[in-house]
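Below, all heavy atoms of this structure are taken into account, side chains as well, without hydrogens, waters or symmetry copies. Just so it is clear, the structure is predicted and the values come from calculations on it, not from any experiment.
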Amino acid sequence: MKVKLGEIATIKGGKRMPKGTNLQIKKNEHPYLRITDFDNGRFNMNSLKYVPQDVFQKISSYTISKNDIFLSIVGTIGLVALVNKELDGASLTENAVKIVPKSKVDNQYLAYYLQSFRGKSQIDALSVGSTQKKLPIKNIKKLEIELPKYSEQCSISHKLAILDKKIELNNEINANLVA
């Protein structure tokens with residue numbers, strides 16, 4: 001059955017750093033997820049920057065949690081990641097949204113769907129602008145998702161996760177062979 005993303009998930013935008021403030025390199029408990037930190041399907045933990053403690057209070061409502069879905073919406077549109085436990089509570093850039101699936105929606109299935117050819121095609125079609133593309137939240141809510149029964153969603157995402165782990169392992173083996 002096809003449903004609109006806005007019917008099965010909450011979508012909330014990120015927040016720009018307040019004027020006159022800067023991110024810091026010194027690690028703390030407030031990483032700031034930027035599109036530039038996204039590398040090969042996940043966040044590069046070595047390139048993260050952090051929100052200073054005093055600034056975090058001003059943007060603390062714009063965080064992303066474990067198992068939320070990160071989606072880039074400005075510039076490089078359509079980068080998708082499922083947030084892991086290391087990034088639970090991270091601050092979210094204004095150039096991305098978090099997608100929080102409602103009950104009976106498998107978050108991993110939804111992330112895979114958004115990464116699929118069908119998902120990417122819709123994301124491209126709903127993007128606007130000529131100089132710098134943008135995907136407005138109102139358009140994200142219009143994305144049509146093929147949503148099977150919950151048990152099927154879980155089965156599909158489980159199988160795809162196994163394949164992803166196998167690919168990751170093969171890539172590590174290849175990197176070791178090259179070295």
Side-chain angles (χ1 to χ4, degrees), residues 1-16 29-35 37-38 40-43 45 48 51 56-129 133-165 168:
M1 128 176 111
K2 283 191 178 182
V3 296
K4 302 275 189 214
L5 184 57
E7 297 169 358
I8 61 167
T10 302
I11 300 133
K12 187 174 178 189
K15 181 74 171 168
R16 173 177 289 150
E29 63 273 8
H30 306 298
Y32 188 80
L33 299 185
R34 305 169 300 162
I35 294 171
D37 298 320
F38 202 82
N40 206 17
R42 57 179 46 118
F43 289 98
M45 301 301 281
L48 292 178
V51 179
F56 179 73
Q57 302 309 318
K58 297 174 185 167
I59 64 170
S60 62
S61 300
Y62 299 90
T63 59
I64 193 163
S65 301
K66 178 185 172 201
N67 294 325
D68 288 351
I69 299 166
F70 172 97
L71 173 65
S72 63
I73 61 167
V74 176
T76 306
I77 296 173
L79 299 175
V80 177
L82 196 59
V83 174
N84 62 27
K85 66 181 175 184
E86 290 84 22
L87 295 173
D88 185 39
S91 295
L92 184 62
T93 177
E94 75 277 10
N95 296 328
V97 294
K98 70 175 179 179
I99 300 171
V100 184
K102 296 179 180 173
S103 64
K104 298 296 181 191
V105 178
D106 180 64
N107 53 359
Q108 193 170 30
Y109 170 83
L110 187 54
Y112 278 125
Y113 191 88
L114 293 171
Q115 293 169 338
S116 73
F117 178 78
R118 284 183 181 167
K120 294 267 188 214
S121 296
Q122 286 187 71
I123 287 169
D124 288 343
L126 292 171
S127 296
V128 298
K133 291 277 193 181
K134 182 176 183 174
L135 180 62
I137 290 177
K138 67 179 182 159
N139 289 4
I140 297 168
K141 291 178 179 180
K142 295 177 186 175
L143 288 168
E144 287 188 348
I145 308 297
E146 190 68 43
L147 196 68
K149 292 186 295 186
Y150 184 73
S151 59
E152 288 178 52
Q153 294 172 49
C154 294
S155 175
I156 291 167
S157 65
H158 177 72
K159 289 172 185 169
L160 290 172
I162 289 171
L163 289 173
D164 276 349
K165 286 179 184 162
E168 187 177 327

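- Judged by distance alone, with hydrogens and angles left aside, the side-chain atoms of Lys120 form a donor-acceptor pair with the main-chain N or O of Gly78 at under 3.5 Å.
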Is there a side-chain contact (heavy atoms from CB on, under 4.5 Å) between Val105 and Ile145 once you walk through the steps?
CA-CA 11 Å; Val105 178; Ile145 308 297; over 6 Å; no
Intermediate values then yes/no, side-chain contact (heavy atoms from CB on, under 4.5 Å), Leu82 and Asn107
CA-CA 8 Å; Leu82 196 59; Asn107 53 359; 4.1 Å; yes
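- The shortest non-hydrogen separation linking Lys12 to Ile137 is C-CD1, 4.4 Å.
- Note: Ser61 OG to Leu92 CG = 12.5 Å, rounded to the nearest 0.5 Å.
- With hydrogens and angles disregarded, no donor-acceptor distance shorter than 3.5 Å links the side chain of Ser65 to the backbone of Asp68.
- Across every non-hydrogen atom of Tyr109 and Pro148, the tightest pair is OH-CD, 3.2 Å.
- Closest non-hydrogen pair, Glu94 versus Arg16, comes out as OE1-CA, 3.1 Å.
- For Arg42 and Glu168, the salt-bridge test passes: some basic side-chain N is under 4.0 Å from an acidic carboxylate O.
- Between Ile59 and Ser91 the shortest heavy-atom distance is CD1-OG, 4.0 Å.
- A donor-acceptor pair under 3.5 Å is formed between the side chain of Gln153 and the backbone N or O of Asp106.
- Between Glu152 atom CD and Leu147 atom CG the span is 10.0 Å, to the nearest 0.5 Å.
- Distance alone, capped at 3.5 Å, places no donor-acceptor pair between the Ser155 side chain and the Ser151 backbone.
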Working note: Tyr113 + Leu143, criterion side-chain contact (heavy atoms from CB on, under 4.5 Å); need CA distance, chi angles, decisive distance, verdict.
CA-CA 11 Å; Tyr113 191 88; Leu143 288 168; over 6 Å; no
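- Using a 4.5 Å heavy-atom cutoff, the side chains of Leu87 and Ile64 are not in contact.
- A pairwise comparison of heavy atoms in Pro136 and Leu126 identifies CD-O, 4.1 Å as the closest pair.
- Note: Phe38 and Phe70 have parallel aromatic rings, judged against thresholds of 30 and 60 degrees for the angle between ring planes.
- Annotation: the span from Thr63 atom OG1 to Leu33 atom CG amounts to 10.0 Å, rounded to 0.5 Å.
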Do Leu71 and Ile11 pass the side-chain contact (heavy atoms from CB on, under 4.5 Å) test, and can you show the C-alpha distance, the side-chain angles, and the key distance before you say yes or no?
CA-CA 10 Å; Leu71 173 65; Ile11 300 133; over 6 Å; no
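- For the pair Ala81 and Phe43, the tightest heavy-atom approach, listed with the atom from each and the gap, is CB-CE1, 4.1 Å.
- Residues Val74 and Ile77 are not in side-chain contact: their nearest non-hydrogen atoms beyond the backbone lie 4.5 Å or more apart.
- With values rounded to the nearest 0.5 angstrom, Thr10 atom OG1 is found 9.5 Å from Leu5 atom CG.
- For the atom pair NZ (Lys141) and CD1 (Ile8), the distance works out to 13.5 Å, reported to the nearest 0.5 Å.
- For the atom pair CD (Gln122) and CG (Leu135), the distance works out to 10.5 Å, reported to the nearest 0.5 Å.
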